[in-house]
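Heads up: numbering here begins at 1 and tracks the sequence. Being a predicted model, the structure only gives us computed values, none of them experimental.
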Amino acid sequence: MNKNLLWLIALVLVPLTAQEELSESNDEDFSLIIQGEELVFTASRQQELVDYSTAGIILLDKEELAKFSSVTQALKSLPSINLSGGTSPEATVTMGGFGENGFTRVLVLVNGVPQNQPDMASINWAALPIQGISRIEVVQGPMSARYGDQALAGVIQIFTEDAPGLVGSVSLSGLSDLSYGITENLAYNNDDWGIFLDAAKKNMTPSRDNTQSEQLSFSLGADLYPKWGEHGISADYFSSDYGMAGGLTQQEYESNPDNSNNPDDKISQWGITLSSKNILESDRIVLNIPLAYDYQEKAIDWVSMFSYSDSQLTSLSIPLNIQRDLLLGDNWEGTLQAGVDFRYASMAVQRYSSADRDSPTIEAEISRTNGAPWVRAKLISRNQMVFELGGRYEFSRLDAYAADTALDDSLDQNALVFDFGWVYIPSEEVKFRLHYGSLFRLPTLDEQASYYGYGSDVVYTDIDPEKGHGISISGSYSQEDFALSITPFLTWMDQEIVYDSSQFRNVNMGESLRTGCTFSGKYSHQWLSLSAGYNYTRGVILYGENEANEIPLVSPHVVTGKVSIQLPMGLDIYSQYRFNSPYYQGGDEANDQDLIPGRHDVNLGLSYSILDNFIFRIYGNNLLNDRTPTKVYYNSFSGESAWYPLGERSFGLELTYQF
């Protein structure tokens, strides 16, 4: 057995045998000096006060989320997050200055259940209606040691409504482009049990040809709350149909961004997720064993590339987490966590040369099995010092098979990562944080293999996992009405994976470096709320023929601002602004192509509460009608660029009844 794995197992077992003696030495209650009101979960995989998180957390609560029509719009209000894509419902959300496929480096969870796909497909954000969401936690920075694969740049966790009693809402919405939607959510919780039901139907008809989409999602679940823990089960279903308008040349974009060269390309998919939670609690021990099984079917008619394919995606995740609270004398308390994360993912593909799907030209399957023991320890002192240390060993087995060929490959990959954090709270107003972590990311299944488009059934065993290091230092100052924070960060990457259009395959780029800083400020007093943010990121390639060049698809400067004015009689007026500076086109590591211009995005809304139950909202998105793309790719083989235009200006109405 690997010596590093033996050391990690020892780190898990030895403290667990010693902790009972430590806790028995002092059973008195440990009284913290600062009792914060916000409880968070994501940064440490345990419930904790936000002040004691060693990683910086951005919280979007229900009141803030009510000002947005979608989850992606809410995330776009944060300067540290970049949202790219055309008018497809599968927008890509990235952090930390990662451009191409940056969404594969951000782990997205809903109530602890992973939403990332085994392949390079982005998350279907349209299947996550914002109604019924109680809060969103955004953690930026190296999370590999805490969550493993795809948590390289950060974690976004969405929590649905969990308030006691009966809560719910029904919402109807319509846009000026004749898009419409209806969402419903209902939840009931008491001391013994709880149930929830969510449903959403959306029809989107953007102005660009072949970007129409239909979305349907449905969730049902139940929970039990016995004295010794919590148990629950839930089922989620979604279906989606939408067109793939494809890219335009710059001349075509400037002539008419609503045109499409691919009027017949489309995707149809559906999927179901079954998940359960099983939490057992005693005096100072918590055992958490959640399960999640996901199955999806996808049919792609890629007419423009003479490729028609069906695929089946399957994933199973079983994270085991045991937590032990510790009392260490009169001045320290802490927690010790240990666990094993298991995940299995597979992708089966049948590719055809015609829409009739008579006989497949490729039948292939690729799967990955991951196992990862991990351990974390956290200490909090009476003088408001927090220390956290964790480690993780991840082992991965890749298996691939293609019918009627000689392809029968397997590949073992592994990574050992760790992180540590420190918090110092000299006063209730001031906090300092330091967070370091080593990083890794395994290739997605279709980065490791080629089954779609023109590609042949090839598994690229020469692609190595990404690895690196990340560090951030943050300081914050807050009073009752005012808050200010600054967070400089640095990320060094090795073997970063990018698509090489000259070879029609993914390759390891080599070393890269990202440095930057995020500033944010907020002022709230009575009827007025103001917030502003600025994010600077510089990403450069360190070695090779493109040494010192900037990383494509990364805007060096992002500016955001929000204003909310609460007037009498239940009126609320709010606006959001975002600016992304010019960036290099995707695939242009040589930095030879023209920069894509910067983009200004202005949204405005007004909501009116009637009898505290009915909420009427009118809003306008992209009021400047700036359709500058957030995604442009340069193909070095053809020497042309593909522009993916954004939607035009739109206005919407929304009526919500909540109880």
Side-chain angles (χ1 to χ4, degrees), residues 22 26 28-61 78-80 135 137-143 145-146 154-155 325-337 376-390 418-437 470-491 515-525 529-536:
L22 290 171
N26 191 339
E28 67 179 25
D29 290 337
F30 191 97
S31 178
L32 299 174
I33 297 174
I34 299 176
Q35 296 294 336
E37 296 181 354
E38 294 283 2
L39 290 172
V40 295
F41 179 87
T42 306
S44 295
R45 296 181 65 157
Q46 63 175 332
Q47 193 175 72
E48 62 180 353
L49 296 173
V50 66
D51 287 347
Y52 298 105
S53 170
T54 58
I57 298 177
I58 302 173
L59 288 174
L60 294 172
D61 59 21
L78 305 176
S80 57
R135 74 183 191 279
E137 296 179 7
V138 179
V139 185
Q140 183 178 356
M143 291 285 112
R146 309 182 191 212
V155 178
D325 294 334
L326 304 176
L327 292 175
L328 307 176
D330 296 331
N331 297 315
W332 293 87
E333 76 166 1
T335 57
L336 182 68
Q337 291 178 282
R376 305 200 62 79
K378 189 164 192 172
L379 297 175
I380 305 173
S381 73
R382 286 188 181 274
N383 61 0
Q384 302 304 283
M385 297 278 283
V386 181
F387 299 92
E388 186 171 13
L389 176 66
F418 68 95
D419 68 351
F420 66 82
W422 167 80
V423 182
Y424 175 49
I425 309 176
S427 68
E428 292 192 22
E429 295 81 17
V430 180
K431 288 100 180 172
F432 297 100
R433 287 182 173 87
L434 170 66
H435 181 215
Y436 163 82
I471 186 170
S472 64
I473 304 171
S474 65
S476 62
Y477 175 81
S478 62
Q479 290 184 334
E480 183 177 351
D481 299 331
F482 176 76
L484 182 68
S485 68
I486 177 173
T487 305
F489 61 89
L490 180 150
T491 304
T515 56
C517 190
T518 302
F519 302 86
S520 63
K522 183 176 183 179
Y523 173 78
S524 299
H525 184 70
S529 176
L530 304 171
S531 64
Y534 168 70
N535 184 81
Y536 168 74

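With sequence neighbours left out, the salt bridge (charged side-chain N to carboxylate O under 4.0 Å, His left out) criterion links Glu48 to Lys378. Taking the salt bridge (charged side-chain N to carboxylate O under 4.0 Å, His left out) definition, one finds that Arg433 meets it with nothing, sequence neighbours left out. For the side-chain contact (heavy atoms from CB on, under 4.5 Å) test, no residue two or more places apart in sequence or in another chain qualifies with Glu480. Under the side-chain contact (heavy atoms from CB on, under 4.5 Å) criterion, Phe387 pairs with Trp332, Met385, Trp422, sequence neighbours left out. Under the rule for a side-chain contact (heavy atoms from CB on, under 4.5 Å), the partners of Glu429 that lie at least two apart in sequence or sit in another chain are Ser427, Tyr477, Gln479. Partners of Phe420 by side-chain contact (heavy atoms from CB on, under 4.5 Å), not counting sequence neighbours, listed by chain and number: Leu389, Leu434, Tyr436.
Atoms OH and OG1, on Tyr534 and Thr518 in that order, are 9.5 Å from each other to the nearest 0.5 Å. For the atom pair CD (Gln140) and CG (Asn535), the distance works out to 6.5 Å, reported to the nearest 0.5 Å. Atom NZ of Lys522 sits about 12.5 Å away from atom CZ of Phe482, to the nearest 0.5 Å. Distance check: Leu78 CG to Ser531 OG gives 9.0 Å after rounding to the nearest 0.5 Å. Rounded to the nearest 0.5 angstrom, Ile57 CD1 and Asp51 CG are separated by 10.0 Å. The structure places CD1 of Ile425 at 8.5 Å from CD1 of Ile380, a figure rounded to the nearest 0.5 Å.
When all heavy atoms of Lys431 and Ser478 are compared, the closest pair comes out as NZ-OG, 3.9 Å. Nearest heavy-atom pair across Asp419 and Gly437 is CB-CA, 3.5 Å.
A donor-acceptor pair under 3.5 Å is formed between the side chain of Arg146 and the backbone N or O of Ala43. The main-chain N or O of Gln46 is never found under 3.5 Å from a side-chain atom of Ser44 such that the two would form a donor-acceptor pair.
For Arg382 and Asp330, the salt-bridge test fails: no basic side-chain N is under 4.0 Å from an acidic carboxylate O.
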